[in-house]
Visitor: 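Below: one structure in structure tokens.
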Amino acid sequence: MMNTNTKKISAKVIAAIVATGLMSFCGVIVETSMNVTFSILMREFSITTNQVQWMTSIYLLLVAIIVPLSAILKSSYRTKTLFTVASLFLLVE
């Protein structure tokens with residue numbers, strides 16, 4: 001017997017899931033690209049491997065700080081505004 005109480009998922013929820021997935025994927029790509037381009041970063045900035053690894057560590061530390069900070073920001077600003085600003089930061093990066 002079929003359940004007649006099935007509910008459809010709204011388009012907004014699907015869009016939010018897709019947007020979250022895309023932003024997460026972009027974050028992983030940025031972090032991975034930093035590790036893959038160590039030699040290019042070392043040559044471009046004339047730095048050692050140790051220094052470029054610290055640069056990556058600092059970047060990941062900043063990400064770790066921003067994640068809990070986002071809960072505070074979410075209580076102060078609209079989600080749409082935060083998402084737009086985060087997307088612009090990603091594009092500028």
Visitor: Mind checking side chain to side chain contact (heavy atoms under 4.5 Å, CB included) for I9 and listing every partner two or more places apart, or none if nothing turns up?
Guide: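 Here the qualifying residues are V13, I14.
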Visitor: List, by chain and then residue number, the residues other than L73 in its hydrophobic cluster (Ile/Leu/Val/Met/Phe/Trp/Tyr, side-chain heavy atoms under 4.5 Å); write none if there are no others.
Guide: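 Joined to L73, directly or through intermediates: L69, I72, Y77, L82.
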Visitor: Going by side-chain heavy atoms closer than 4.5 Å, which hydrophobic residues are tied to I66, directly or by a chain of links?
Guide: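 Members alongside I66: none; it stands by itself.
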Visitor: Measure the spacing between CE of M23 and CZ of F83 and express it to the nearest 0.5 Å.
Guide: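 If I round to the nearest 0.5 Å, the distance is 5.0 Å.
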Visitor: Going by side chain to side chain contact (heavy atoms under 4.5 Å, CB included), name the residues that satisfy it together with F45, two or more places apart in sequence or in a different chain.
Guide: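 For F45, the residues satisfying side chain to side chain contact (heavy atoms under 4.5 Å, CB included) (neighbours in sequence not counted) are L41, I47.
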Visitor: Considering only Ile, Leu, Val, Met, Phe, Trp and Tyr, and joining two whenever side-chain heavy atoms are under 4.5 Å apart, list the other residues clustered with V28.
Guide: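 None; V28 is a cluster of one.
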Visitor: Output every pair passing side chain to side chain donor-acceptor pair (under 3.5 Å) with a member in residues 40-51, not counting sequence neighbours, ordered by first then second residue.
Guide: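 For residues 40-51: T48-Q51.
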Visitor: With sequence neighbours excluded, what pairs up with S24 under the side chain to side chain contact (heavy atoms under 4.5 Å, CB included) test?
Guide: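 Partners of S24 under the side chain to side chain contact (heavy atoms under 4.5 Å, CB included) test: T20.
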Visitor: Would you compute the distance between atom CG of L22 and atom CD1 of I17 and round it to the nearest 0.5 angstrom?
Guide: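 Interatomic distance, L22 CG to I17 CD1, rounded to 0.5 Å: 12.0 Å.
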Visitor: Name the atoms and distances for all side-chain donor-acceptor pairs under 3.5 Å in residues 52-59, with sequence neighbours left out.
Guide:
unit_1	atom_1	unit_2	atom_2	d
T56	OG1	V52	O	3.2
S57	OG	Q53	O	3.1

Visitor: Apply the hydrophobic cluster definition, ILVMFWY joined by side-chain contacts under 4.5 Å directly or through others, and give me every member besides I65.
Guide: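 I65 clusters with L61.
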Visitor: Using 0.5 Å steps for rounding, measure from the OG1 atom of T79 to the NZ atom of K74.
Guide: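 So the OG1 of T79 and the NZ of K74 are separated by 3.0 Å.
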